[in-house]
Amino acid sequence: MTDVLRINDLVVEYTTQRGVARAVDRVILSLPENRTLGLAGESGCGKSTLGRAIMQLVPYPGRIVSGEITLNIDHDQVWKKGTIPKGDVPILDMTEDQMRSLRGSEIAYIFQDPMTSLNPMLSIGKHFVQMQQAHNPDIEEAEAIERATEVLEALGILAERVNDYPHQFSGGMRQRVMIGLGLVLRPRLLISDEPTTSLDVIVEAQILEEIQELKDMFNLTMILITHNLGVLAQTADDVAIMYAGRMAEIDTTETLFDNPQHPYTQALLQCVPDVTKPEKQLAWIPGAPPDLVDPPMGCMYHPRCPFAMDICKAEQPSLLESDTGGLVACHLYGRK
Ligand code: SF4
């Protein structure tokens, strides 16, 4: 199966007044076609920075320091000064103009907050027209609207609502519009960053179901960024757990939930409420994520880990194959 995305040794840093914080630290990842990868971890673990790095949209004062990101595209991508041939595209070698042509048409990103991502002065239809004309200035407005209504109807939004403005939509509907904008150019890879965080549980469940249907309909490969492991249990084929900018564990969703290897994954899963055991007290992970400007030596998780050994305080564990066939970065495992 073709890998739509491969990331090798990616490092992203933010320069702060206190020093340099390494938000993504030598991340390695591959994402086969048509699979959904869930990216999870506590706030500040680097998952959104990783998502933005794939788009080359790391906000200032962040910067991609080193590494490789390869996106596979299945048709030639025409941009204003030439063509990006189909096949593996080294994202970090692309110019800003080339990236502009890839964003939306090959990789789309759905941001967390639909209200701040939509322009209150523009009708929903106008958003879709602008998005399509930015990639294809020759497309007629009528054709762009027709494509928009096709996508919106797949998301349960009536065609006549293209003339409405963002404030006339509920939070769930606005998020559906954002998903529609992400899909209208038929990207190969969709990165969805906490798509249901601000929604109530009923709308959240509906939107997650719709995302699954759209994934099949549009033949998508997806990265779903969330701190909600329950969401990933329902939607992801594979899960990657990040801690302090590093990959802690990657495995299939089923294996990771049934047989987590990394102590941090185990602790995260213990914090998920179990509706079948309402009497069970909720667990928590003692301590706090490390200060990335002044991180601890060795395994970043060692100050919080109940299994920490001497080696954990001195040596960073590498991401190696685990007994379950996944990958884990922990001195307890991966010594095959
Ligand atoms: Fe815990 Fe050591 Fe594994 Fe880190 S490497 S998770 S400290 S056992």
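Keep in mind that this is a model prediction, so the values were computed, not measured. Counting starts at 1 for both ligands and their atoms, in listed order.
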Can you name the atoms of ligand 1, numbered from 1 with element, that are less than 4.0 Å from a heavy atom of [X]?
{"X": "Leu332", "result": "8 (S)"}
{"X": "His262", "result": "6 (S)"}
{"X": "Cys312", "result": "2 (Fe), 5 (S), 7 (S), 8 (S)"}

> Does any N, O or S atom in Cys305 come within less than 2.8 Å of atom 1 (Fe) of ligand 1?
Replying inline: yes
Distance from [atom] to nearest protein heavy atom, with residue and atom:
{"atom": "atom 5 (S) of ligand 1", "answer": "His331 N, 3.2 Å"}
{"atom": "atom 4 (Fe) of ligand 1", "answer": "Cys299 SG, 2.4 Å"}
{"atom": "atom 3 (Fe) of ligand 1", "answer": "Cys330 SG, 2.3 Å"}

> Is a side-chain donor or acceptor of Asp193 paired with a backbone partner of Phe111 at a separation under 3.5 angstrom?
Replying inline: no
> Do any N or O atoms from the side chain of His127 and from the backbone of Met178 form a donor-acceptor pair under 3.5 angstrom?
Replying inline: no
> Under 4.0 Å from ligand 1, counting heavy atoms only, is it the side chain of Pro263, its backbone, both or neither?
Replying inline: side chain
> Leu118 and Phe169: side-chain contact (heavy atoms from CB on, under 4.5 Å), yes or no, with the steps?
Replying inline: CA-CA 11 Å; Leu118 294 169; Phe169 285 73; over 6 Å; no
> Any salt bridge between Glu68 and Arg6, counting N to O under 4.0 Å?
Replying inline: no
> Near Asp310 CG, under 6.0 Å, is it more than 12 heavy atoms from other residues, nucleotides or ligands?
Replying inline: no
> Would you call the rings of His262 and Tyr301 parallel, tilted or perpendicular if under 30° counts as parallel and over 60° as perpendicular?
Replying inline: tilted
